[in-house]
Each structure stands twice: as structure tokens, then as C-alpha cells.
Amino acid sequence: GQQVMQIPQYQHVQEGEDFTTYCNSSTTLSNIQWYKQRPGGHPVFLIQLVKSGEVKKQKRLTFQFGEAKKNSSLHITATQTTDVGTYFCAVTGSARQLTFGSGTQLTVLP
Amino acid sequence: DGGITQSPKYLFRKEGQNVTLSCEQNLNHDAMYWYRQDPGQGLRLIYYSQIVNDFQKGDIAEGYSVSREKKESFPLTVTSAQKNPTAFYLCASSISGSDTQYFGPGTRLTVL
């Protein structure tokens with residue numbers, strides 16, 4: 001199945017600093033999704049990117065899909081303690097099953 | 001109130017026992033999925049089902065079994081053949097034709 005590499009594995013930031021996580025694939029992706037999992041919780045869908053070069057914003061979160069559709073990023077501006085959690089990218093297989101990246105665990109220090 | 005329910009939240013079993021994890025959804029979703037998550041790691045697909053009475057193995061199906069007799073239900077059995085069953089198990093569902101998955105709250109299984 002498709003593989004997607006996600007970096008970094010961990011990120012500690014001071015509240016108010018920015019945060020970015022990256023996903024990379026060796027193959028062209030049909031789309032990419034982003035999920036957030038709060039500590040002790042379950043993944044929650046954030047967004048899906050489909051078009052080459054697509055950029056979508058949700059308040060302080062900016063999602064990008066690369067021009068070649070092989071990479072994606074999630075950027076959070078001015079982090080808050082509510083942003084704490086693990087952020088996963090996920091790619092869709094032929095039967096719509098998801099393959100998840102290993103996740104980036106974000107810690108926000110007050 | 002629509003959603004996906006998994007019960008119980010925490011489950012303890014002795015080594016060598018089979019255990020069945022429950023997953024129920026009232027979202028009228030056609031597709032359902034089971035994932036396993038180990039501490040500090042991503043989700044790995046165990047089994048998935050796109051329609052009733054049909055299911056496919058995911059990346060780590062060995063030691064697990066499923067059934068899909070009803071659209072609303074997709075129970076997962078962790079058998080004694082699963083060598084390292086202690087993990088967080090997540091069930092998800094999606095609308096036919098959609099890539100977005102909705103997750104249940106999960107069951108934390110500990111095998112002693």
C-alpha cells in the first residue's frame with residue numbers, strides 16, 4: 001500500500017510560537033487528509049486536500065498540498081494550549097482505506 | 001444522537017483468551033474500519049468492510065477476525081493467535097464514496 005512519511009515525530013513549542021508538520025510520499029497522491037487526536041482521544045477529521053497546489057485555511061491552521069501532489073503540510077500560527085495533540089496525515093487507498101502517517105505530537109508550553 | 005460507539009472503553013483479558021470488541025454506528029454509513037494504535041505511533045489498518053457480509057484484510061490482520069452481518073455493527077475479535085494484543089483499538093466509518101472517516105472513542109485493551 002501507499003506509504004507516507006511524517007516529520008517531525010515530536011514538537012515542543014512555547015505558546016504563541018508557530019508549528020508545522022510535514023508529510024511526504026514517493027508517489028503521487030490522489031488526495032491527503034489531516035486528522036487531530038487529542039491526548040487520550042480519537043482522531044478527528046480536519047480537512048481533505050485534492051488539488052495540486054491547494055491551500056486551505058481554518059482560522060489559525062493552514063493546510064497545503066504540493067504542486068506535484070507528493071507532499072503536504074499543516075501550519076499552525078500562534079499556537080495555543082488547545083492545539084495540543086497529535087496531528088496525522090492520511091492518504092486514501094484504492095478501496096478508500098486510509099494509510100496514516102506516524103503523526104506529529106505537539107506540546108504547547110504555557 | 002448519531003455517532004459511533006465502542007464498548008467498553010477499557011478491557012482487560014488474560015493471555016490466551018479471545019476477546020470481542022464492539023463497534024456500532026447509527027450514521028447509516030456503508031463502510032467500517034478497524035485500526036490499531038500503539039503508544040506514540042500512527043494507526044494501522046486491521047480490517048475493513050465496504051458493505052454488509054463483505055470485508056477485507058488490512059495491513060495487520062493476522063490474529064484478528066471480523067464479521068459484518070448488519071450495516072450498523074462491525075465487531076472485532078482479538079484471538080489468542082495475536083502475539084501482542086495490548087493496544088488502543090479504534091473503529092471508524094465512512095459514507096459510501098467519501099474518503100472522510102469518523103472515529104469512535106476507542107477501546108483500550110490490556111492483555112495480562
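Each chain gets a letter, A, B and so on, in the order its sequence line appears, and its residues count up from 1.
Between the side chains of B:Gln56 and B:Asp54, at least one donor N or O lies within less than 3.5 Å of an accepting N or O. Side-chain atoms of A:Ser72 and A:Trp34 include a donor-acceptor pair closer than 3.5 Å. B:Gln101 and B:Tyr35 are linked by a side-chain donor-acceptor pair at a separation below 3.5 angstrom, with hydrogens and angles left out of the test. Between B:Lys71 and B:Asn28, the side chains place a donor N or O and an acceptor N or O closer than 3.5 Å (distance only, hydrogens not considered).
At a threshold of 4.5 Å between side-chain heavy atoms, the hydrophobic network of Ile, Leu, Val, Met, Phe, Trp and Tyr places B:Ile46 and B:Leu21 in one connected group.
In this structure, the portion of A:Gln33 lying under 4.5 Å from any heavy atom of chain B is its side chain and not its backbone. Contact annotation for B:Tyr102: neither backbone nor side-chain heavy atoms come within less than 4.5 Å of a heavy atom of chain A. Interface residue B:Arg108: only side-chain heavy atoms are found under 4.5 Å from chain A. Contact of B:Leu45 with chain A is made through the side chain alone, with heavy-atom distances under 4.5 Å. Proximity to chain B is absent for every atom of A:Gln6, based on heavy atoms less than 4.5 angstrom apart. When heavy atoms are compared at a cutoff of 4.5 Å, B:Ser94 does not approach chain A at all.
Interface summary for chain B: among A:Gly41, A:Ser102, A:Pro43, the most heavy-atom pairs under 4.5 angstrom belong to A:Pro43. Note on B:Ala92, B:Gly58, B:Pro105: by heavy-atom pairs under 4.5 Å with chain A, the leading option is B:Pro105.
Closest non-hydrogen pair, A:Tyr22 versus A:Ser73, comes out as CD2-CB, 3.9 Å.
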